[in-house]
Amino acid sequence: MSRRIQRIASVTLLGFRGFIKECHLDTNADIVILAGPNGHGKTSFLEGVVLALTGHHTCEDPGTLFSYDQPELNVRLDVQDEDGILGTLAVKGLREVGPAPRGTAKPFTRTASWKGSNAELSSVYGRATGAPEDEPELDARVCAFFQDQVWAQFDHAARGRTLRDVFEPVPPRWQMAVEDQYKGLRRALQDLANKISFYGSDAYPWKEREAIDKEFSEYAETLRSVYRPLAGRRGWPAWPATFDGSLAWTLAEVRSEDDERGRRRFLERLEATLQEEIRKDRESLPRERGRLESVERRLDEIRIQLASIQDAFPNLDDEASWFSGRPGLLEILQSIEENLTRWRREATIAATTYPELRAVQMEVEAVQVNVATRRHDELQLWIGPRRAAQTERSALRAEEGRLLEERESLLGTSPLEMLKPQLAALRMENTLSRWTRQQELAAYDARREGRASAARYLEDKRAQGEALLDAYEAATSARTELRLPLEKRMNTVLRRFALTEGLYPVHLDSVSLRRSGDNGEHRAVAIVADDKRPLAALSTGQRSQFAIALLIAQNDVIRASPGVGLPHHVMLLDDASSSYDLSNLTREAITWRKLAYDPDRTRRRQIFISSHHDDLTNHLLDLLSPPGKSGDGFQPSLRVFQFKDWRRESGPVIEKYRVAPPRTGEDQIREDLARNLRRGPP
Amino acid sequence: MDDFRATLARFRVPLEDNHGLSQGVWTLDAVYLSNTALVLDVGAPIGAAPGQLPAHRDELDRLARQLSHRAADHGVLRPVALVVRVESDELHAELNRWTFDQDWHRGEFLFYLVSKDEEHADLLRDLVAEGETESVEVGERLDERVLQARVEARMSPDHELFERLRAALVAPQPGSAIEAGAGLDAVAAWTSEALREAEKLTAQPTPEEGRLA
């Protein structure tokens with residue numbers, strides 16, 4: 001359809017929804033108002049026009065578009081193009097099977113013809129891309145508004161493609177591949193950044209560098225202190241060639257594996273020799289022999305005594321604690337032996353006076369004193385030696401501790417004894433571990449220049465990657481393509497409304513949509529108020545204002561797009577007035593007047609508006625009243641269809657009106673008003 | 001605004017003080033009539049006492065309705081818009097409440113507040129103009145060819161990574177899909193080579209992440 005429809009001159013409906021009999025309306029006007037109560041066919045009328053104009057309907061079951069028990073539906077639009085050429089758009093539907101009113105329908109047939117020749121029909125998407133697929137939903141979303149489906153106006157509720165899909169038609173698989181590249185590249189660049197951070201740093205990256213330095217320095221001091229007093233003794237290991245005379249070594253000389261083994265051998269010999277020297281030294285020490293011998297003799301005796309106690313009572317600590325308590329069993333038996341005779345006497349007296357103590361008396365009578373005495377003696381015989389052994393062992397251990405201290409004191413006069421702690425510090429595993437770490441440190445320092453080169457190299461690579469990402473993002477961004485024109489146009493329309501604080505101006509964000517059951521990713525614009533409120537946070541009226549603004553913005557953007565275009569100048573608004581207050585209804589009228597009564601024919605729209613509230617309709621009629629003829633002969637026009645009734649056998653009963661422009665010429669009115677004003681303000 | 005064809009009258013006169021207002025009166029600067037609307041350009045009363053605002057509001061109401069009715073007598077029905085310039089923030093806040101007072105305007109006239117000259121001129125132009133004055137310009141559709149051209153325009157000819165990804169960036173034929181993952185492979189190969197080269201430069205393996213400080 002290469003021609004563009006300037007105006008729908010008439011609409012004919014038959015078998016469509018409530019239009020049971022044929023209904024023909026002459027809609028040859030700039031604004032067409034459909035007024036009347038609910039359920040009289042206004043919305044159905046607009047749905048029929050949208051179906052014929054775009055091929056779109058929102059019914060899950062197209063069978064519901066048919067009039068009750070009608071086998072066929074027909075919608076025909078007689079149209080005029082921008083040059084006044086006449087044409088026809090028609091939709092025909094046949095019910096396939098199933099009972100009325102539901103049931104399946106064959107695909108609708110939609111045709112267009114201009115002066116008897118058929119014309120091609122394609123959707124916005126098809127026109128933009130040359131793709132054969134027909135996708136009418138978007139076409140409907142940019143020309144029609146239905147109050148009960150206000151959410152459908154916004155991208156996130158779209159079932160098909162969005163306007164961004166049209167303007168940024170990146171094929172889904174291609175897009176996904178590129179975005180995968182983004183992710184891979186981003187990961188790689190992050191990895192490079194980490195490496196650069198490592199290579200580019202002068203500081204040794206291991207946290208314990210300072211600790212290693214400290215430990216190693218202490219180790220060196222220890223080694224020096226061990227070696228120095230013994231240097232020159234027979235059997236003392238030769239100092240390694242890699243060490244200088246002062247026990248400091250150059251790290252550059254400790255790299256090779258041979259050196260590692262050499263160090264190990266040296267340390268082993270050093271340790272063994274040291275042990276041997278300590279032993280020999282102790283043997284040759286002058287001693288306080290008398291005292292030392294006495295101490296050691298007593299220590300030997302104590303060890304023997306402790307061993308015999310251990311042999312006699314392997315579980316001494318456990319067993320000595322058995323039968324203890326407060327009092328212990330032994331004490332209880334002892335008490336029975338001493339007191340039972342008196343307790344029996346007292347229990348007898350008590351039970352006579354106090355019957356509740358009879359049970360006590362019986363228990364006391366049952367106890368046999370001679371048995372208790374025997375058990376006491378037996379237990380005493382068993383536990384007594386254990387308690388005595390425990391006491392003896394404690395005393396022996398205390399004495400042993402004192403004697404050991406004294407013995408150590410007597411032996412401690414040897415200078416080599418002082419080396420014993422250092423010997424412990426020279427344990428092989430500690431030494432070699434420190435040595436290895438120190439070696440790594442040396443190697444790290446030695447490769448500083450290489451690291452810096454690698455850092456520069458990787459930084460260059462990273463910059464290349466970043467530049468490519470920047471280029472991708474700049475190229476695929478909607479900032480300059482679609483978002484800004486839409487945003488600007490929406491705000492122009494919204495500015496005319498009375499909006500509460502924080503709503504204006506609105507902002508559009510570029511987002512991606514992924515819908516269930518849909519393989520591709522859709523590009524969308526998300527609308528947020530100036531104070532960041534999303535659509536969902538707005539009131540019904542505010543959301544309608546945003547939807548109307550978006551409708552007009554999208555309509556304008558498509559019309560202005562070379563290679564895309566919109567094949568008609570028609571806008572349809574169902575019940576757009578019901579969610580507005582009086583002020584905003586008036587404000588919206590300004591927009592409709594601009595669109596419908598524009599002297600520039602190429603920008604002018606034909607507007608269909610339905611309204612179900614009489615007061616609002618009358619107000620709207622005043623607001624949309626057509627002006628007089630303009631200088632170039634354009635005479636704006638307004639028609640009203642009053643849906644008075646709906647009958648089951650035929651459908652709507654409609655009264656038709658033309659709204660006359662002012663009888664007085666517009667210029668004359670201006671002069672009159674101006675003359676009055678010049679006399680002075682009213 | 002002299003270029004407005006729709007200008008009916010321009011003057012700067014105070015409105016008649018029917019309420020004996022002691023501080024400030026509205027000034028009617030211009031009246032415009034176009035196919036779109038009947039627009040009254042009004043200056044807010046400077047120095048109006050807060051207690052007198054209801055009376056000021058009545059004055060404005062009378063002005064709007066009289067002009068509207070006079071036009072209607074000739075059969076001219078238009079949305080009537082009052083564009084009110086107000087410089088004081090305090091007065092602006094007070095007058096802004098009138099915008100939402102349906103009991104007052106009953107939708108018979110609109111009440112727009114502006115404070116800046118530029119905003120004032122833009123709003124007047126928008127309300128008076130017959131038709132939309134704003135032109136809509138949309139850039140070209142971003143198809144594969146355009147995308148490649150744009151990326152190339154930002155790349156130096158010797159951009160190594162871009163050269164490697166070029167094949168994966170755009171499908172050989174419009175409508176045909178490229179092999180998913182081809183770009184990822186190219187990126188992975190490029191980064192691996194870069195790391196190997198870096199290792200050579202340092203003469204040591206790159207450290208494990210866990211050993212980094």
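Just so it is clear: chains get the letters A, B, ... in the order the sequence lines come, proteins before strands, and each one is counted from 1.
Among the candidates A:R462, A:Q464, A:R456, the single residue satisfying the side-chain contact (heavy atoms from CB on, under 4.5 Å) test with A:D460 is A:Q464.
Looking at A:R604, there are no atoms closer than 4.5 Å to chain B (heavy atoms on both sides), in backbone or side chain. Only the side chain of A:L458 comes within contact range of chain B, judged by heavy atoms closer than 4.5 Å. Proximity to chain A involves both the backbone and the side chain of B:E160, based on heavy atoms less than 4.5 angstrom apart. Neither the backbone nor the side chain of A:L620 comes within less than 4.5 Å of any heavy atom of chain B. Both the backbone and the side chain of A:D556 come within contact range of chain B, each with at least one heavy atom under 4.5 Å from a heavy atom of that chain. Looking at A:L595, the atoms closer than 4.5 Å to chain B (heavy atoms on both sides) all sit in the side chain, from C-beta outward. For B:Q102, the part lying near chain A is the side chain, with the backbone staying farther off; criterion is any non-hydrogen pair under 4.5 Å.
With respect to B:R57 and B:D101, a salt bridge is recorded, a charged nitrogen being found less than 4.0 Å from a carboxylate O. Between B:E132 and A:R489 there is a salt bridge, with a side-chain nitrogen of the basic residue lying less than 4.0 Å from a carboxylate oxygen of the acidic one.
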* Asked: Is there a ring pair (Phe, Tyr, Trp, His ring centres under 6.0 Å) between A:Y597 and A:F634 once you walk through the steps?
  -> CA-CA 9 Å; A:Y597 300 150; A:F634 166 53; 7.3 Å; no
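Note: B:G107 leads B:S192, B:A153, B:G107 in heavy-atom pairs under 4.5 Å with chain A. The candidate from B:A81, B:A72, B:G131 with the greatest count of non-hydrogen atom pairs under 4.5 Å with chain A is B:G131. Per-residue heavy-atom pair counts under 4.5 Å with chain A were compared for B:T36, B:L123, B:D73, B:V80, and the maximum is reached by B:T36.
Ring geometry for A:Y580 versus A:F497: interplanar angle of 30 to 60°, hence tilted.
Cation-pi contact between A:R587 and B:Y112: present, with separation from the ring centre below 6.0 Å and deviation from the ring axis of at most 45°.
Not one N or O on the side chain of A:E459 forms a donor-acceptor pair closer than 3.5 Å with the backbone of A:A454.
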